[in-house]
J.: 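Okay, handing you the structure first.
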Amino acid sequence: MNATLFKHEILRTWRWLALLALAAVLVVGAAVLMAATLPTFLSSTFAVIAIVVAAVYPFAVQLLISLDFYRSSYSKTGYFTAAIPEKGSTIFGVKALYAYLVSLLAIVLDLGLLLLAAIGFGMTVGTGPAETMRTISAGLDVFWQLPAWLVVAFFVIVAFLPLVGITPFFFAATVGSESWINRNGFGGVVLVWFLFYVANQILGVAAVFLAPALDLNHLPEVSLMFDPVALATAGNDAQYLPLGIFAWMLLIGVVGMWWAKVSYSRKLELR
């Protein structure tokens with residue numbers, strides 16, 4: 001049954017996902033081409049367009065795949081979904097896993113878009129593609145010289161980024177559709193998302209000062225420090241990386257998605 005549910009998720013969404021990816025590639029590619037051929041005062045504008053589109057693309061995928069989850073679960077289509085002879089937790093799990101994988105693929109594609117956009121931006125300031133690639137390669141060399149535990153932690157965080165991205169939307173779609181608020185329609189979903197966002201920002205800021213930070217001033221050597229005062233008074237060139245924000249991101253991703261699963265499987269309310 002899981003394979004069948006997953007298959008239907010693909011069949012329902014692959015067309016618009018492919019069109020969105022193609023549009024992002026074409027827009028970034030065209031903008032970089034313009035940045036490479038037009039005069040400076042115009043090329044910089046197209047270089048910025050390429051960067052913005054590349055930066056926004058994965059977030060657009062996360063938002064749209066989450067809206068598809070809401071539409072397929074709580075609109076008229078939701079009646080067909082709820083009628084599937086399978087537990088609500090299983091249906092939710094398949095939809096969440098599919099949204100996660102789609103978001104992860106979007107991030108992988110976005111790495112190529114960002115690289116292309118970086119090359120376009122470099123050409124507007126007189127930096128050739130080869131030199132831009134050398135700069136990126138030098139940065140990667142520094143990265144691989146970091147302690148092994150930090151490299152592993154980086155990939156763990158990257159793997160969690162799609163989950164962190166879709167959690168606010170899935171949480172809002174499920175909790176915002178419960179009986180206590182669903183009389184407000186989609187407005188209830190928006191309200192729950194806003195409250196989730198505000199709480200997440202407040203607690204995220206607190207987490208920055210309640211956990212250690214990495215001192216990156218002597219890369220590739222790094223050290224842990226726990227000094228909230230230093231973080232608060234650090235200048236613009238101080239290279240400190242608060243670990244609390246990443247710990248909070250992972251926690252809110254797991255807890256928020258678990259809460260959404262419980263809401264969907266136990267408190268499902270269709271209109």
Side-chain angles (χ1 to χ4, degrees), residues 6-73 75 77 94-140 143 154-155 157-170 172-173 186 190 193 197:
F6 207 86
K7 173 185 174 182
H8 283 294
E9 292 296 311
I10 296 174
L11 293 175
R12 193 181 65 253
T13 60
W14 76 268
R15 290 179 179 83
W16 66 261
L17 285 171
L19 287 174
L20 183 62
L22 179 61
V25 171
L26 291 177
V27 171
V28 172
V32 170
L33 181 61
M34 294 295 182
T37 57
L38 293 176
T40 303
F41 69 96
L42 287 176
S43 64
S44 58
T45 300
F46 282 99
V48 170
I49 291 175
I51 293 173
V52 170
V53 172
V56 167
Y57 168 70
F59 298 102
V61 170
Q62 292 169 359
L63 174 60
L64 293 176
I65 198 67
S66 300
L67 287 174
D68 177 81
F69 163 74
Y70 174 80
R71 184 188 65 81
S72 66
S73 300
S75 67
T77 312
V94 170
K95 287 181 173 293
L97 176 60
Y98 179 71
Y100 168 83
L101 293 175
V102 166
S103 300
L104 184 61
L105 288 175
I107 290 177
V108 173
L109 174 60
D110 197 52
L111 292 177
L113 294 178
L114 289 171
L115 176 60
L116 188 60
I119 291 174
F121 181 80
M123 288 188 289
T124 65
V125 294
T127 302
E131 187 174 351
T132 298
M133 293 300 297
R134 283 195 295 270
T135 301
I136 295 174
S137 178
L140 290 175
F143 171 78
F154 171 82
F155 284 108
I157 291 171
V158 170
F160 266 87
L161 284 179
L163 180 66
V164 174
I166 64 175
T167 293
F169 303 123
F170 272 61
F186 192 70
V190 175
W193 175 86
Y197 173 81

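Values reported hereafter were calculated over all heavy atoms of this structure, with side chains retained and with hydrogens, waters and symmetry mates removed. Because the structure is predicted, anything quoted here is derived from the model rather than measured.
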J.: Could you walk me through whether Val53 and Leu113 pass the side chain to side chain contact (heavy atoms under 4.5 Å, CB included) test, one step at a time?
T.: CA-CA 9 Å; Val53 172; Leu113 294 178; over 6 Å; no
J.: Report yes or no: does Ser73 contribute a side-chain atom to a donor-acceptor pair with the main-chain N or O of Tyr70 at less than 3.5 Å?
T.: no
J.: Give every residue pair that meets the ring pair (Phe, Tyr, Trp, His ring centres under 6.0 Å) criterion with at least one member in residues 95-135, sequence neighbours excluded.
T.: Phe6-Tyr98
J.: Does the side chain of Val94 reach to within under 4.5 Å of the side chain of His8, using non-hydrogen atoms?
T.: no
J.: List the atom of Ile166, the atom of Ala99, and the distance in Å for their closest heavy-atom pair.
T.: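 Scanning both residues completely, I find the closest heavy atoms to be CD1-CB, 4.0 Å.
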J.: Work out which heavy atom in Asp110 is nearest to a heavy atom in Ala55; give both atom names and the distance.
T.: OD1-N, 4.4 Å
J.: So which heavy atom on Val28 is nearest to which on Ala54, and how close?
T.: CG2-N, 4.1 Å
J.: So how far is it from Thr13 OG1 to Leu20 CG, rounded to the nearest 0.5 Å?
T.: 11.5 Å
J.: How long is the straight-line distance from CD1 of Ile136 back to CE of Met133, given to the nearest 0.5 Å?
T.: 5.5 Å
J.: Please evaluate residues Met123 and Val32 with respect to the criterion side chain to side chain contact (heavy atoms under 4.5 Å, CB included), reporting the C-alpha separation (whole Å), side-chain torsions for both, the decisive distance (0.1 Å), and the verdict.
T.: CA-CA 9 Å; Met123 288 188 289; Val32 170; 4.1 Å; yes
J.: Is the shortest side-chain heavy-atom distance between Leu17 and Val102 below 4.5 Å?
T.: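 In short, these two side chains touch, coming nearer than 4.5 Å.
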J.: Do you know the tightest heavy-atom contact between Ala35 and Ser43?
T.: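 Heavy-atom minimum between the residues: O-CB, 3.1 Å.
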J.: Go through it in stages, so that I can follow the logic: the residues are Trp16 and Ile65, the test is side chain to side chain contact (heavy atoms under 4.5 Å, CB included), and I'd like the CA-CA distance, side-chain angles, deciding distance and then a yes or no.
T.: CA-CA 10 Å; Trp16 66 261; Ile65 198 67; 4.0 Å; yes
J.: Side chain to side chain donor-acceptor pair (under 3.5 Å): which pairs involve residues 112-139, sequence neighbours left out?
T.: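 Those involving residues 112-139 do not exist here.
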J.: If you count every heavy atom of other residues, nucleotides or ligands that lies below 6.0 Å from Phe143 atom CZ, does the total exceed 12?
T.: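 Enclosed: over 12 neighbouring heavy atoms sit under 6.0 Å from CZ of Phe143.
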J.: Keeping to residues at least two apart or across chains, list the side chain to side chain donor-acceptor pair (under 3.5 Å) pairs with something in residues 54-69.
T.: Arg12-Asp68, Asp68-Arg71
J.: Going through the checks in order, is the side chain to side chain contact (heavy atoms under 4.5 Å, CB included) test met by Leu63 and Phe169?
T.: CA-CA 7 Å; Leu63 174 60; Phe169 303 123; 3.8 Å; yes
J.: Identify the two heavy atoms, one from Leu33 and one from Thr37, that lie closest to each other, and give their separation to 0.1 Å.
T.: O-OG1, 3.0 Å
J.: Any side-chain heavy atom of Phe170 sitting closer than 4.5 Å to one from Leu163?
T.: no
